[in-house]
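Right, one structure below, let's go through it.
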Amino acid sequence: ERIEAIRALDSEPLRQRLGLDRARPVLVVLPGSRRSEVGRLIGVFRDTVQLLAERGTTPEIVIPVVAHVRSMIEENLASWPGRPHLVEGEDDKWRAFKLATAALAASGTVTLELAVAGTPMVIGYKVEAWFAKLMKRLVMVDTAGLPNLVLGEKAFPEHIQETCTPQVLAPLVAELMSDTPARRSQLAALARIPQRLAVPHGSPSEAAAEIVLRYAARPLSA
């Protein structure tokens, strides 16, 4: 019921309040909810938007923020192309997801929220170099994005560490800004998310955790 309610949410009040141009697509940018995440990703995501603009794609930019990183993000916005819109609060976050043509998001729980809202996405993430080396030794799965884990396939592009660059991310985002095969493929995958999260007991988040744990327990391929 929660998924259906989110997908039926009226996002028009937010569009009007922000004064978004109906003729332009909307890109939601989500550089993380922790200061360390934002510090590593905000520049990459800004340069991705800049590269999109240089190549002729100029979406309206909406950045949902949490209070403790808002000032950090605001300090960075002067160097962004156009005039990004910041929104805060749970309701406006979901309205922004619903408005979005696509999202550029840090890997994490927000990617599953985007999937629940039905928003196509490109996932990027960076960690400290020492941690990346450790994870390469320990991680037993070939995907980190929660929607991909839930579906058991790489339906949503994700680029971690070395490949999380504007040059890699920008073309992937641009593909989602109009009616392309890549966009249609993601929309078809997103349509399967509610069924995969539907369970006879517990919550969707518990179901997602169970799927992720089951996926992580699979033996490594030869």
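Keep in mind the model is a prediction, meaning the values are calculated, not measured.
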Q: Decide side chain to side chain contact (heavy atoms under 4.5 Å, CB included) for Val62 and Leu99; before the verdict, give the C-alpha distance in whole Å, the side-chain angles of both, and the deciding distance to 0.1 Å.
A: CA-CA 9 Å; Val62 179; Leu99 276 178; 5.8 Å; no
Could you go through residues 26-34 and list every donor-acceptor pair under 3.5 Å that involves a side-chain atom there, pairing it with any protein atom two or more places apart or in another chain?
| from | atom 1 | to | atom 2 | distance (Å) |
| --- | --- | --- | --- | --- |
| Arg34 | NH2 | Glu37 | OE2 | 3.1 |
| Arg34 | NH2 | Tyr125 | OH | 3.4 |

Q | Pairs meeting criterion side-chain hydrogen bond (donor to acceptor under 3.5 Å, both in side chains) with involvement of residues 64-74, two or more places apart | A | Arg70-Glu74, Arg70-Glu88
Can you give me the closest heavy-atom contact between [X] and [Y], atom names plus distance?
{"X": "Pro64", "Y": "Ala96", "result": "CG-CB, 4.2 Å"}
{"X": "Ile42", "Y": "Gly39", "result": "CG2-O, 4.4 Å"}
{"X": "Gly118", "Y": "Leu187", "result": "O-CD2, 4.3 Å"}
{"X": "Asp21", "Y": "Glu60", "result": "N-OE2, 2.7 Å"}
{"X": "Thr119", "Y": "Ala100", "result": "CG2-CB, 3.8 Å"}
{"X": "Val44", "Y": "Cys164", "result": "CG1-O, 3.6 Å"}

(Q) Run the side chain to side chain contact (heavy atoms under 4.5 Å, CB included) test on Leu52 and Val173 for me, step by step, so that the C-alpha distance in whole Å, both residues' side-chain angles and the decisive distance to 0.1 Å come before the verdict. (A) CA-CA 8 Å; Leu52 283 171; Val173 173; 3.7 Å; yes
Q.
Which residues pass the side-chain contact (heavy atoms from CB on, under 4.5 Å) test with Asp10, not counting sequence neighbours?
A. Glu12, Pro13
Do [X] and [Y] come close enough that some side-chain heavy atom pair is under 4.5 Å?
{"X": "Met177", "Y": "Pro25", "answer": "yes"}
{"X": "Leu176", "Y": "Val122", "answer": "yes"}
{"X": "Gln186", "Y": "Pro157", "answer": "yes"}
{"X": "Arg184", "Y": "Asp179", "answer": "yes"}
{"X": "Thr111", "Y": "Met121", "answer": "yes"}

Strictly distance-based, threshold 3.5 Å: is any side-chain N or O of [X] a donor or acceptor partner for the main-chain N or O of [Y]?
{"X": "Arg15", "Y": "Arg22", "value": "no"}
{"X": "Asp92", "Y": "Val87", "value": "no"}
{"X": "Thr180", "Y": "Glu175", "value": "yes"}
{"X": "Arg46", "Y": "Asn76", "value": "no"}

Q | Thr57 vs Leu51, side chain to side chain contact (heavy atoms under 4.5 Å, CB included): CA-CA, chis, key distance, verdict | A | CA-CA 9 Å; Thr57 302; Leu51 193 54; over 6 Å; no
Say you draw a straight line from [atom1] of [X] to [atom2] of [Y]; how long is it, rounded to the nearest 0.5 Å?
{"X": "Met72", "Y": "Leu77", "atom1": "CE", "atom2": "CG", "result": "12.0 Å"}
{"X": "Asp47", "Y": "Gln167", "atom1": "CG", "atom2": "CD", "result": "8.0 Å"}
{"X": "Leu112", "Y": "Leu149", "atom1": "CG", "atom2": "CG", "result": "10.0 Å"}
{"X": "Leu190", "Y": "Arg183", "atom1": "CG", "atom2": "CZ", "result": "9.0 Å"}
{"X": "Thr58", "Y": "Ile61", "atom1": "OG1", "atom2": "CD1", "result": "9.0 Å"}
{"X": "Ser11", "Y": "Leu20", "atom1": "OG", "atom2": "CG", "result": "9.5 Å"}

Q: Carefully, step by step, assess Lys93 and Glu113 under the rule salt bridge (Lys or Arg N to Asp or Glu O under 4.0 Å).
A: CA-CA 10 Å; Lys93 177 189 73 174; Glu113 293 178 332; 3.0 Å; yes
Q: Apply side chain to side chain contact (heavy atoms under 4.5 Å, CB included) to Trp80 and Val49, showing your working.
A: CA-CA 8 Å; Trp80 285 60; Val49 173; 3.7 Å; yes
Q: Just jot down the salt bridge (Lys or Arg N to Asp or Glu O under 4.0 Å) partners of Arg192, sequence neighbours excluded, or say none.
A: Glu153
Q: Could you tell me which residues satisfy ring-ring contact (aromatic ring centres under 6.0 Å, His included) with Phe45, sequence neighbours excluded, listed by chain and number?
A: none
Please list, one pair per line, the donor and acceptor atoms closer than 3.5 Å that link side chains of residues 102-110 to other protein atoms, with sequence neighbours excluded.
none

